[in-house]
Structure formats: C-alpha cells, structure tokens
Colleague: 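Below you'll find the structure I mean.
Keep in mind that the numbers below use all heavy atoms, side chains included, and drop hydrogens, waters and symmetry copies. No experiment lies behind these values; they were computed from the predicted model shown.
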Amino acid sequence: MNPIRRIACMLLLVLLLACLIQWEQLWLAELLTKRMPDESGTCSELEEYEELLDSVWEELVCFPVPESETNEAATVSFENTWHAERTYGGTRSHEGIDIMADLDKSGYYPVLSMTDGTVEKVGWLEKGGWRIGIRSENGNYYYYAHLHSYAKEWQAGDSVYAGEILGYMGDSGYGEEGTTGQFPVHLHVGIYIPLGADQETAVNPYWMLRYLETQKLSCLY
C-alpha cells in the first residue's frame, strides 16, 4: 500500500473510532437518564464517564496477545460481541470481547497486560475460569479470563508493566474449579471504569482492541 493510501486509511479509522466513542457516550447518557431523573446529575456523571474513558485510551499500550516469531499460523481474531447474549448461569449480556485462538491449543498463546498496573484479583471464577484482574493507576480495571495457566504465582498487590506476560490463553471456566473444554480456546477481555461511588461500569473494548492491533508486540512461541 502506498503512503497516501496508508494515511487515508488511518484517517478513516480514526474517524470511525471517534464515531463509535460518540455512540457509546450517547448510549450511556440515555442509560443514566433512565437511572437518574435529575438532569444536572446526569450531566455530571456523563462528564465523569468521558474523562474516565479518555484515561483508558491514554494508558493502553499493547494488544493482549503478541505475534508469534516462529509460527505464522498462530494468529487470533475477534468480533464485536459486546452485549451479545450469554446463557451460562442465566441469561446475561456479554461484558467484553473474546479474542479467539485460530490454533485451538490451550496454553500456547501468551497473554500480555495491556497497561501498567497492580494485580487486584487472581484465581478461579466459575464463569471466568482462571482469571487475573489488573487495576491501573487511574482506577480502571482490566479483566483477562479463561486462562490455561499463569506466567508466575501472581499475588494481589504485585506490580505489572504493560507488555508483561500474565499467563496463557486457555478454555477454563463454566464450572467448578479446574473445568476446561466447555468452549474453544480464547481470551475474554473486559474493561471496567470506576463510575460513581462504589460502582464500576463495563465499557466496550472492541475499538480499543482494534486500535491496539497496530501496537502488537512479538514473542518467541
């Protein structure tokens, strides 16, 4: 692709990202209006949401799955499944994006931290399997689920840097501790911002992940 077309494509992508962010802001404004009849309160929370969303974009560094330096077939793919229906444990909305392993090999793909931060949660969840949650300095929470294993024995309070290997992509979850094989190998990525007192709101990671596809690191695997 020649330089002029590359620049044009990048400008179109930036414009599309801006439109999607604006759509999510309008969606949240409508949601807050239903929850909070007071217009002044709604505006205040919307402004807080916009600031927190900006802070997420600012702290994102790299795509959570690196490119393989040795295996061209070790690729991944994802679609915008935000708020798609999930039925395990009752009907609910999907609060994240699934990055699917094109090679369905549990424990093969490394999972990287997208940001700097601190380990807040680690261990087993019935729906998330082996998971790890990273809290950034801005207070945002990054959730990585369905892991096969961890890169080391993480403890709550451990510091994490962007690009550090957290663990390996797997198919754990949807059952008691140790359950695997209930779905294809993939990584569930969730992003939550601390909106309101003692509350967190999930945001759609799709366009953030699309952006981070241009910021992929590479690993030997």
Side-chain angles (χ1 to χ4, degrees), residues 17 20-21 23-25 27-28 31 49 52-65 76-101 109-148 150-151 154 156 160 162-174 182-196 198-213 215:
L17 288 172
L20 264 293
I21 293 170
W23 178 85
E24 288 195 12
Q25 291 173 343
W27 168 79
L28 184 72
L31 178 63
Y49 170 81
L52 289 168
L53 192 59
D54 286 343
S55 74
V56 172
W57 282 96
E58 290 169 0
E59 61 197 13
L60 291 171
V61 174
C62 62
F63 193 75
V65 182
V76 297
S77 58
F78 61 96
E79 298 179 356
N80 191 355
T81 56
W82 173 252
H83 277 190
E85 183 178 274
R86 293 292 186 268
T87 56
Y88 179 82
T91 302
R92 55 194 167 85
S93 296
H94 190 219
E95 291 188 345
I97 296 297
D98 292 334
I99 300 176
M100 309 303 297
Y109 292 82
V111 173
L112 310 181
S113 179
M114 298 182 289
T115 68
D116 295 335
T118 302
V119 175
E120 182 168 304
K121 301 288 185 180
V122 63
W124 183 265
L125 283 179
E126 181 181 351
K127 293 177 182 176
W130 300 114
R131 62 64 160 103
I132 187 168
I134 308 299
R135 182 74 65 180
S136 72
E137 289 188 3
N138 290 323
N140 302 314
Y141 186 72
Y142 297 86
Y143 173 68
Y144 307 83
H146 307 309
L147 301 179
H148 167 273
Y150 298 103
W154 295 107
V160 174
E164 186 169 6
I165 298 178
L166 301 173
Y168 297 88
M169 194 186 299
D171 56 357
S172 62
Y174 281 24
Q182 300 300 304
F183 37 71
V185 173
H186 71 280
L187 172 68
H188 171 96
V189 176
I191 300 178
Y192 298 81
I193 57 176
L195 184 64
D198 300 322
Q199 297 181 29
E200 287 192 322
T201 297
V203 298
N204 187 355
Y206 178 74
W207 289 105
M208 297 169 185
L209 291 171
R210 285 290 302 271
Y211 161 72
L212 289 176
E213 282 189 300
Q215 312 296 322

Colleague: Side chain to side chain contact (heavy atoms under 4.5 Å, CB included) with E95: which residues, sequence neighbours excluded?
Modeller: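 So E95 forms a side chain to side chain contact (heavy atoms under 4.5 Å, CB included) with W82, Y192, A202.
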Colleague: Among residues at least two apart in sequence or on other chains, which ones pass side chain to side chain donor-acceptor pair (under 3.5 Å) with S55?
Modeller: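 Applying side chain to side chain donor-acceptor pair (under 3.5 Å) to S55 gives N140.
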Colleague: Under the rule for ring pair (Phe, Tyr, Trp, His ring centres under 6.0 Å), what residues qualify as partners of Y206, not counting sequence neighbours?
Modeller: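 Expected list: F78.
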Colleague: For H186, check ring pair (Phe, Tyr, Trp, His ring centres under 6.0 Å) against everything at least two apart and list the hits.
Modeller: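 Once residues adjacent in sequence are excluded, the partners of H186 under the ring pair (Phe, Tyr, Trp, His ring centres under 6.0 Å) criterion are H146, F183.
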Colleague: Sort and list the pairs that fulfil salt bridge (Lys or Arg N to Asp or Glu O under 4.0 Å) and have at least one residue in residues 110-138, not counting sequence neighbours.
Modeller: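 Found E120-R135, R135-E200.
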Colleague: With sequence neighbours left out, what residues match E79 under salt bridge (Lys or Arg N to Asp or Glu O under 4.0 Å)?
Modeller: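 Expected list: none.
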Colleague: List in chain and number order the residues that pass side chain to side chain donor-acceptor pair (under 3.5 Å) with D98, two or more places apart in sequence or in another chain; answer none if no residue qualifies.
Modeller: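 Listed in chain order: R86, H94, H188.
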Colleague: Mind checking the CZ-CG spacing from R210 to L212? Nearest 0.5 Å is all I need.
Modeller: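 These two atoms lie 11.5 Å from each other.
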Colleague: Check for a donor-acceptor pair, side chain of W130 on one end and backbone N or O of S172 on the other, with a separation under 3.5 Å.
Modeller: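 Here the side-chain-to-backbone pair does not exist.
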Colleague: The criterion is side chain to side chain donor-acceptor pair (under 3.5 Å); which residues satisfy it with Y144, sequence neighbours excluded?
Modeller: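 For Y144, no residue satisfies side chain to side chain donor-acceptor pair (under 3.5 Å) once neighbours in sequence are set aside.
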Colleague: Would you check if the side chain of Y150 reaches a backbone N or O of G123 as a donor-acceptor pair within less than 3.5 Å?
Modeller: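 Looks like yes, one N/O pair under 3.5 Å.
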Colleague: Please list, chain by chain and in numerical order, all residues satisfying side chain to side chain donor-acceptor pair (under 3.5 Å) with T87, sequence neighbours excluded.
Modeller: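 Expected list: none.
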